[in-house]
There are 2 protein chains.
Amino acid sequence: MSRRRAVDYDCPVRDVLDRIGDAWSVLLIIELAKAPCRFNALRRVVDGISQRMLAVTLRNLERDGLVSRTVLDLSPPQVEYALTARGRSLHGTIGQLADWADSNQPAIRASRANYDAAHGAKR
Amino acid sequence: MSRRRAVDYDCPVRDVLDRIGDAWSVLLIIELAKAPCRFNALRRVVDGISQRMLAVTLRNLERDGLVSRTVLDLSPPQVEYALTARGRSLHGTIGQLADWADSNQPAIRASRANYDAAHGAKR
DNA sequence: CCGGATCCTATTGGATACTG
DNA sequence: CAGTATCCAATAGGATCCGG
């Protein structure tokens, strides 16, 4: 995901962190946690994601067994994406982090402003 | 951190996710959770991190008030890095995720292997 | 010992156009 | 509708050299 490290640190947490780290995965998981959704619907609701990244991210999530992909053979064709049990489980865990983020966001913002003021404003 | 999105999605969780997402921050937090540590000592223990990224990452962590930086005026100079209370708090939350990662790692690995087998092996 | 400044390459990811 | 393929600009990050 991110740059591949020179020495590939074999930490079991890395895989998950890489997935969490990328901007869109989490957004998609959160969105799909609300309800299953189709490709273009996701595209509209996520706002800002490119078609390419949506496809790539969904494929990765599916590959990890976090999201299921169901092709409905209709015309026009439809594909439904939904969280798997594992995906929902991860969503729960992410919730912890989101809570932490929410409650610490103001303090962090403040720290940053403070830091930037102390050191050269725009670094 | 990652690419800046065209439409800057103003989600309070993003900041934290970006920090978590980057490879080294979490590693450093985990390391510093064990004990405060000096620059080059960190460099040795983290293994694979470049001098530049260590400096950059530490600076970001300090900026967010997650890590404290204490200059000991000795010869040779020493700088001690340590988790702040907020840093420790985040470390705790990360623990949740690490646990999830540990217990789901095998299943994820399996899913990937399975997926890769089903679709063109190396995609 | 701690780190900033540079240089340079690999990767990321948006835009666009095309297919089933 | 649901993607894939190609092109290309921007960035991340390693290597290296240097100063405090």
Side-chain angles (χ1 to χ4, degrees), chain A residues 1-9 14 17-19 21-28 32 36-63 67-82 115 119-120 122-123, chain B residues 1-9 14 18-19 21-25 27-28 32 36-63 67-82 115 119-120 122-123:
Chain A
M1 203 96 311
S2 338
R3 258 300 270 111
R4 210 64 262 165
R5 286 162 290 294
V7 178
D8 208 55
Y9 203 70
R14 273 265 50 87
L17 249 33
D18 282 346
R19 180 98 323 121
D22 107 83
W24 305 115
S25 295
V26 173
L27 251 36
L28 289 181
L32 289 175
C37 200
R38 302 212 323 262
F39 191 89
N40 278 329
L42 273 175
R43 199 178 166 188
R44 275 187 296 276
V45 69
V46 170
D47 179 82
I49 194 169
S50 68
Q51 184 199 39
R52 184 179 175 280
M53 286 319 290
L54 179 54
V56 169
T57 306
L58 282 173
R59 197 190 309 144
N60 283 331
L61 290 173
E62 186 198 355
R63 193 170 99 104
V67 159
S68 67
R69 178 174 180 279
T70 317
V71 180
L72 308 178
D73 207 5
L74 308 172
S75 173
Q78 294 192 359
V79 181
E80 272 252 324
Y81 291 93
Y115 184 96
H119 310 61
K122 66 161 41 187
R123 172 179 291 264
Chain B
M1 203 95 307
S2 339
R3 256 302 267 111
R4 210 64 263 166
R5 288 162 290 294
V7 178
D8 208 58
Y9 203 71
R14 274 264 52 86
D18 282 347
R19 181 101 320 127
D22 108 82
W24 305 116
S25 296
L27 252 36
L28 289 181
L32 289 174
C37 199
R38 302 214 322 265
F39 192 88
N40 279 330
L42 273 175
R43 201 177 165 189
R44 275 187 295 276
V45 70
V46 169
D47 180 82
I49 193 169
S50 69
Q51 181 202 43
R52 185 177 174 279
M53 287 318 290
L54 180 54
V56 169
T57 307
L58 282 173
R59 199 192 308 143
N60 283 331
L61 290 173
E62 186 198 355
R63 193 171 99 104
V67 159
S68 66
R69 178 176 180 278
T70 316
V71 180
L72 307 178
D73 207 3
L74 308 172
S75 174
Q78 297 192 355
V79 181
E80 271 253 321
Y81 290 93
Y115 184 96
H119 308 63
K122 67 160 40 187
R123 171 180 290 264

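Lettering of chains follows the sequences in order, A, B, ..., and the numbering in each one begins at 1.
- As rounded to whole Å, 14 Å separates atom C1' of C/dT11 from atom CG of A/Asp22.
- Rounded to a whole Å, the CD atom of B/Glu80 is 17 Å from the C1' atom of C/dG3.
- As a whole-Å value, the separation of A/Met53 CE from D/dT4 P is 13 Å.
- Side-chain N/O atoms of B/Tyr81 include none lying less than 4.0 angstrom from OP1 or OP2 on C/dC1.
- For B/Arg63, the salt bridge (Lys or Arg N to Asp or Glu O under 4.0 Å) partners at least two apart in sequence or on another chain are A/Asp116.
- A/Asn60 places a side-chain heavy atom less than 4.5 Å from the side chain of A/Arg19.
- Nearest nucleotide to the B/Phe39 side chain, out of C/dC1, C/dG3, D/dA2: C/dG3.
- With a 4.5 Å cut-off on side-chain heavy atoms, B/Val46 and B/Leu54 do not count as touching.
- Of all heavy-atom pairs spanning B/Leu42 and B/Cys37, the tightest one is N-SG, 3.7 Å.
- With sequence neighbours left out, the side chain to side chain contact (heavy atoms under 4.5 Å, CB included) criterion links A/Arg44 to A/Asn40, A/Ala41.
- In this structure, CD1 of A/Ile49 is placed 11 Å from C1' of C/dG14, rounded to the nearest angstrom.
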Report the secondary structure of DNA chain D in dot-bracket form, marking unpaired bases with a dot and bases paired to a different strand with |, and treating Watson-Crick or G-U pairs with both distances under 3.5 Å as paired. ||||||||||||||||||.|
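- The distance from atom CG of B/Leu54 to atom P of D/dT16 is 17 Å, rounded to the nearest whole Å.
- Scanning for side chain to side chain contact (heavy atoms under 4.5 Å, CB included) contacts around A/Leu72 gives A/Thr70, A/Leu74, A/Gln78, A/Glu80, with sequence neighbours left out.
- Scored by the side-chain hydrogen bond (donor to acceptor under 3.5 Å, both in side chains) test, A/Arg52 finds no partners at all (sequence neighbours excluded).
- Rounded to whole Å, atom C1' of C/dT12 lies 14 Å from atom CG of B/Asp18.
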Identify each atom pair where a protein N or O and an N or O of nucleotides 16-20 of chain C are less than 3.5 Å apart, giving names and distance.
| from | atom 1 | to | atom 2 | distance (Å) |
| --- | --- | --- | --- | --- |
| C/dA17 | N6 | A/Gln51 | OE1 | 3.2 |

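- As rounded to whole Å, 12 Å separates atom C1' of D/dT4 from atom CZ of A/Arg69.
- Between D/dG14, D/dC1, C/dC2, one nucleotide has an atom nearer to the side chain of B/Val79 than all others, and that is C/dC2.
- Summarising the geometry, the separation between CG on B/Asn40 and P on C/dG3 is reported as 9 Å, rounded to the nearest angstrom.
- Taking every side-chain heavy atom of A/Arg59 into account, D/dT4 is the closest of C/dG3, D/dT4, C/dG4.
- For B/Arg38, no side-chain nitrogen or oxygen approaches OP1 or OP2 of C/dC1 to under 4.0 Å.
- The two residues B/Thr57 and B/Met53 come nearest to each other via the heavy atoms OG1-O, 2.6 Å.
- For A/Ala55, the side chain to side chain contact (heavy atoms under 4.5 Å, CB included) partners at least two apart in sequence or on another chain are A/Phe39.
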